[in-house]
There are 2 protein chains.
Amino acid sequence: MARRISSSMEVLLGLLTIEPMSGYDLGQMIKESIHHFWNESYGQIYPNLKRLASGGFVTRKTEKQKGKPDRNIYSITNKGRERLQRWLQIEPQPEVPRNELMLKLFFGSNASPQTIHSYVEQMVARERAVLERFAFIECEIARNRDYPSAPYWQMALRFGQIELEAHLRWAEETLAALRKLDKERDRVSSSRKDKGHAGK
Amino acid sequence: MARRISSSMEVLLGLLTIEPMSGYDLGQMIKESIHHFWNESYGQIYPNLKRLASGGFVTRKTEKQKGKPDRNIYSITNKGRERLQRWLQIEPQPEVPRNELMLKLFFGSNASPQTIHSYVEQMVARERAVLERFAFIECEIARNRDYPSAPYWQMALRFGQIELEAHLRWAEETLAALRKLDKERDRVSSSRKDKGHAGK
DNA sequence: AAATGCATGTAACGCGTTACATGATTTT
DNA sequence: AAAATCATGTAACGCGTTACATGCATTT
């Protein structure tokens, strides 16, 4: 059967309901606004826009520019809106998780507690930065509060905020546990040394 | 260059440090213990075990069974342990998120609030069930608390618990917001009707 | 009688990233 | 002088799931 399952065309349709855009713009917008729960590379965007155009889901107009390459501006059609709405009626499938940090943590006894500790700290640094970005995005949404989509954007953002805050709480707890584990390892190895001395 | 990036061989090595197992056992164990942060299908497991064996990272012994197909039991070698440890020294890369629920929520204004509401409710039901499973896994880990890996298993489990609890808090807040949005839509459309009447 | 579990494995397919190609402008 | 930004696109490659094939035993 080989039925198409991916949502990579529908993201483009969804973003094009906000305003007509070029492939490049779509890439930028994905990076700026939905990157914390969805990603799409140019290697997907350009071919998919082509497919959408040949299916009549979007139309394309070429804008000439001086000194820069032409911009191909895509607009969603009624047929495209219908496709987007049909897609929205399909139950979203839970994502298959692939969290490398968790995997390395799970096998942590094969490395040093310090190694794992540093990985968790790196996650903390990264996610703290994302949380700051979220604060900025929240302002952006507030500035556009008259868009009918604004409440939905806010809900998706809240998801990210609540999740990352939870991660940070977990990280605190976990960093403490890792330090404790490290000390215990010291204790065990030095008590082994003591025994050796006492036995002599 | 085309360098190998995936961790699907290393998961197998990691699990084989716990005890020698067949490909089928590995699949079962993944489903039972690390499925909430990692997944691996048999279409990956069997070919990867073959590759690991031909590279000398694991050895294979065939156990004959009556009435059932033979079991191929794989054991990790010293070379395999070294590979696992080298892999653990590589910084884990953050996963590229692809959350369909968030995507459909983000484009929610193109559907009815009830549709999105039902998706969030389905997520709540699913994740509540997972949390119950986590409680069971926690007992399992406690039963095996003498394994040197037990503390690490516990930390990875905690991550899942804290994250899902955060999701449920978000869901409560979001379900309320969606109901409010739905009522407002009613209000707007009925006030439009009033105006129409008044204008006649 | 049909479905599920045990157990192994392969082939086809879709998906998505990365690298590459091109080329002018602007910033460092 | 080098790197980044704008802007489009293609090709190759690796990855991972799904479906399929096989076949006996047990459960429904």
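Excluded from the calculations below are hydrogen atoms, water molecules and symmetry mates; all remaining heavy atoms, backbone and side chain alike, are included. These numbers come from a predicted model, not from an experiment.
If you check every strand for non-hydrogen atoms under 4.0 Å, B/R51 touches nothing. Within 4.0 Å of A/G43, counting heavy atoms only, lies at least one base atom of the nucleic acid.
Along DNA chain C, the nucleotide closest to B/P47 and the one closest to B/Q28 are compared, and the more 5′ of them pairs with B/Q28.
Listed pair A/Q44 / C/dT17 fails the phosphate criterion, with no side-chain N or O lying under 4.0 Å from OP1 or OP2. Neither OP1 nor OP2 of D/dC15 sits under 4.0 Å from any side-chain N or O of B/N48. Not one side-chain nitrogen or oxygen of B/K50 sits closer than 4.0 Å to the OP1 or OP2 atom of C/dT8. Between A/N39 and C/dT17 there is a side-chain polar atom (N or O) within less than 4.0 angstrom of OP1 or OP2. At D/dC15, none of the side-chain N or O atoms of B/S8 fall inside 4.0 Å of OP1 or OP2 (strictly under the cut-off). For the pair B/S6 and D/dG14, the criterion of a side-chain N or O lying under 4.0 Å from OP1 or OP2 is not met. For A/S41 and C/dT18, the shortest distance from a side-chain N or O to OP1 or OP2 is not below 4.0 Å.
Spacing between atom CD of A/E32 and atom C1' of D/dC6 amounts to 14 Å, rounded to whole angstrom units. Atom-to-atom, CZ of B/R98 to P of D/dT17 comes out at 14 Å; the value is rounded to the nearest Å. When rounded to the nearest whole Å, the span between CZ of B/R71 and P of C/dG5 equals 17 Å. Distance, B/I45 CD1 to D/dT18 P: 13 Å, rounded to whole Å. Look at CD on B/Q93: it is 14 Å from P on C/dT17, rounded to the nearest Å. Taking atom CZ of residue B/R60 and atom P of nucleotide C/dA7, one finds them 15 Å apart after rounding to whole Å. A/L26 has its CG atom 13 Å from the P atom of D/dA7, to the nearest Å. The interatomic distance linking B/Y42 (OH) with C/dT10 (C1') rounds to 16 Å, in whole Å.
Using a 3.5 Å distance cut-off with no hydrogens or angles, the side chains of B/W170 and B/E172 do not pair a donor with an acceptor.
For the atom pair A/Y152 OH and B/L181 CG, the distance stands at 4.5 Å (nearest 0.5 Å). Atom-to-atom distance recorded for A/L26:CG and A/Y46:OH is 9.0 Å, nearest 0.5 angstrom.
Salt bridge status for B/R143 with B/E140: present, with a side-chain N to carboxylate O gap under 4.0 Å. Salt bridge A/R98/B/E40: present, at least one basic N to carboxylate O contact under 4.0 Å.
Nearest to the side-chain atoms of A/Y74 among the listed nucleotides C/dT8, D/dG9, D/dG23 stands D/dG9. Nearest to the side chain of A/Y24, among D/dG23, D/dT5, C/dT8, sits D/dT5.
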